[in-house]
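See below for the structure under consideration.
This one's a predicted model, so the numbers in the text were calculated from it and none came from an experiment.
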Amino acid sequence: NNDIVIFDTDTLIVDATNDRVGVGTTTPRVTLDVDGAIEHAFEQYIQSTYDFLDNERGGWHSSNSGSGANVASDKEAGWYGVITLTSGTDAGGRASFREVTIGDEWIQSGLGYYVAEFRFGAINSLNDGVDTYTIFGGVTDVNNVPLSTSSGIYFRYDNDNADFRAVTENASAVTETSTGVTVAENTAYWGKLEMNAAGTEVKFYLGTTRANMALVATHTTDIPAIELAPYFGIGKQTGTNSRSFKVDTWYSRMDLTTAR
C-alpha cells in the first residue's frame, strides 16, 4: 500500500490515507497513536513580563487585589529572571500567578510518573504575629479562585508555622505535614514534587540549590485525581506592611503510561 509507510516493523508507521501516525503500533486509531510510554518535559525561566504574564503567550495569568498588591517581573542578580508577588498593605490583599489554559505544564494523577521543580522564596519579611500572610507554591485545581485552593499538591508557609508545610488536598480533604525546613528571610529555595505513575504517592523535596534538594515528606492520602496546573500566590491576613516573595523557574516532566 503506497499510502502507508512503515519503519522497523512497528516502530513508526505513517498512514497517509487517514492522516495518522502510529508509534509502536501498525494500526493507528487517532492522529497520533502511541503504544508505550511517552516522556514529556518542559522547562521555563522567567525572563520578562512577556514570558509569563500574557495569556496569549503560554497561558500564564497574574491576578492581584488590594492596595499595593502586585505581580511584577524584572531581572535581578542571582536569578534567571524573577516574578515578584506582593501582597499589598490591606488585610485580604493578595497576588498570584498560575497557568489557566491547557499547556505543557498541566498534570493529572494516574496518567504516568510526574515531577515538577521550581525555584521560589526570597521572602522579604517573615510572619511575626502582627503582619501575617500565607504563601503557596506548587500545582492546584486549574479552576481555583486565587488563594482559595480546593485541590492541589503544594508547599505552604503561614503564620501558624515557622517551616514549609507539605500539602496534598483533594476536594478540601487535606493531608499536611511539616517539612522540617525553617523558612528564612531573603533565601531562595528549590522545591520538587514527584508523583508515581499510579497517582497513589507524592514525594516532596526542598533545598537551597537544585542539587541539594532532599526528601522532606511523602504523602499517600488526599492526592487529587483532577487536572492540576502550576500556581504561586501570597495572601495577607493582618497588619499594614506589605510582604512579597519571588519565583523564577518552572520545570515539569511527565512519562505518560496510561491512555487518557
**Report entry** Main-chain N/O of Thr175 paired to Asp222 side chain as donor or acceptor, under 3.5 Å
**Finding:** yes
Requested in this report: Evaluate the criterion side chain to side chain contact (heavy atoms under 4.5 Å, CB included) for residue pair Trp190 and Thr249; output intermediate values, then yes/no.
Outcome: CA-CA 9 Å; Trp190 278 91; Thr249 305; 3.8 Å; yes
Query raised in the report: What orientation do Phe120 and Phe232 show, parallel under 30°, tilted 30 to 60°, or perpendicular over 60°?
Result: tilted
Query raised in the report: Going through the checks in order, is the side chain to side chain contact (heavy atoms under 4.5 Å, CB included) test met by Asn170 and Ile223?
Result: CA-CA 6 Å; Asn170 184 23; Ile223 299 171; over 6 Å; no
Query - Glu169 side, atom CD; Ile153 side, atom CD1 - distance, nearest 0.5 Å - result: 11.0 Å
Report task. Mind listing the closest non-hydrogen atom pair of Ser87 and Ala69 along with its distance? Result -> O-CB, 3.5 Å
Query raised in the report: Within the side chain of Thr179, is there an N or O that forms a donor-acceptor pair under 3.5 Å with the backbone of Phe164?
Result: yes
**Report entry** Contacts of Glu201 that satisfy side chain to side chain donor-acceptor pair (under 3.5 Å) - sequence neighbours left out
**Finding:** none
Query - Heavy-atom pair with the smallest gap, counting every atom of Asn64 and Val71 - result: ND2-N, 4.3 Å
Report summary line: To the nearest 0.5 Å, atom CG of Asn159 lies from atom NZ of Lys236 at 10.0 Å
Query raised in the report: Can you name the closest pair of heavy atoms from Ser252 and Tyr114 and give their distance?
Result: CB-OH, 3.5 Å
Query raised in the report: Taking side chain as C-beta onward, heavy atoms only, is Phe204 less than 4.5 Å from Phe155?
Result: yes
Query raised in the report: Distance from Arg156 atom CZ to Arg165 atom CZ, nearest 0.5 Å?
Result: 7.5 Å
Query raised in the report: Any donor and acceptor pair, going by atom type alone, linking the side chain of Lys192 with main-chain N or O of Gly207 inside 3.5 Å?
Result: no
Query raised in the report: If you measure only the distance, is there a donor-acceptor pair under 3.5 Å linking the side chains of Thr89 and Thr240?
Result: no
Query raised in the report: Do you know the tightest heavy-atom contact between Thr208 and Thr187?
Result: CG2-CG2, 4.3 Å
Requested in this report: Verify whether one side chain among Glu117 and Tyr205 offers a donor that lies under 3.5 Å from an acceptor in the other.
Outcome: no
Report task. State whether a side-chain donor-acceptor pair under 3.5 Å links Arg98 with Ser62. Result -> no
**Report entry** For the student: nearest non-hydrogen atoms of Ser151 and Pro224, plus distance
**Finding:** CB-CB, 3.9 Å
Query raised in the report: Counting N and O atoms only, with roles assigned by atom type, does the side chain of Asp158 sit under 3.5 Å from a partner on the main chain of Asn161, one being a donor and the other an acceptor?
Result: yes
Requested in this report: Decide yes or no on side chain to side chain contact (heavy atoms under 4.5 Å, CB included) for Ile234 and Arg243, but give the supporting numbers first.
Outcome: CA-CA 8 Å; Ile234 183 168; Arg243 295 291 183 259; 4.1 Å; yes
Query raised in the report: Any side-chain heavy atom of Gln237 within less than 4.5 Å of one from Thr134?
Result: yes
**Report entry** By ring-ring contact (aromatic ring centres under 6.0 Å, His included) - contacts of Tyr133 (at least two apart)
**Finding:** Tyr157
Query raised in the report: Is a side-chain N or O of Tyr189 found less than 3.5 angstrom from the main chain of Ala184, in a donor-acceptor match?
Result: yes
Requested in this report: Given side chain to side chain contact (heavy atoms under 4.5 Å, CB included), test Val21 with Leu12 step by step and report yes or no.
Outcome: CA-CA 7 Å; Val21 174; Leu12 176 68; 3.6 Å; yes
Query raised in the report: Any donor and acceptor pair, going by atom type alone, linking the side chain of Thr238 with main-chain N or O of Val130 inside 3.5 Å?
Result: yes
Report task. Could you tell me whether the side chain of Ile123 reaches within less than 4.5 Å of the side chain of Asn186, counting heavy atoms only? Result -> no
Report task. Specify the closest pair of heavy atoms between His219 and Ala166, including all atoms of both residues, with the distance to one decimal. Result -> CE1-O, 3.2 Å
Query raised in the report: Heavy-atom distance under 4.5 Å between the side chains of Ser96 and Tyr231, does that happen here?
Result: yes
Query raised in the report: So, Thr86 and Ser242: side-chain donor and acceptor under 3.5 Å apart, yes or no?
Result: no
Query - Donor-acceptor pair between Asp131 and Asn241 side chains, under 3.5 angstrom - result: yes
Query raised in the report: Do we get Arg210 above Tyr251's six-membered ring, with its NZ or CZ under 6.0 Å from the centre and within 45° of the axis?
Result: yes
Query raised in the report: Taking the side chain as C-beta and beyond, is there a heavy-atom pair between Asn124 and Glu185 under 4.5 Å?
Result: no
**Report entry** Whether Thr177 side chain and Ala217 backbone form a donor-acceptor pair below 3.5 Å
**Finding:** no
Query raised in the report: Could you give the distance from CG (Asp248) to CD1 (Ile83), rounded to the nearest 0.5 Å?
Result: 9.5 Å
Requested in this report: Start with the C-alpha distance between Asp163 and Ser178, add both sets of side-chain angles, then the distance that settles side chain to side chain donor-acceptor pair (under 3.5 Å), and finish with yes or no.
Outcome: CA-CA 7 Å; Asp163 65 337; Ser178 169; 2.3 Å; yes
Requested in this report: For residues Val174 and Val167, determine if any side-chain heavy atom of one lies less than 4.5 Å from a side-chain heavy atom of the other.
Outcome: yes
Report task. Give a yes or no on whether the backbone of Thr17 and the side-chain of Asp15 come within a donor-acceptor separation of less than 3.5 Å. Result -> yes
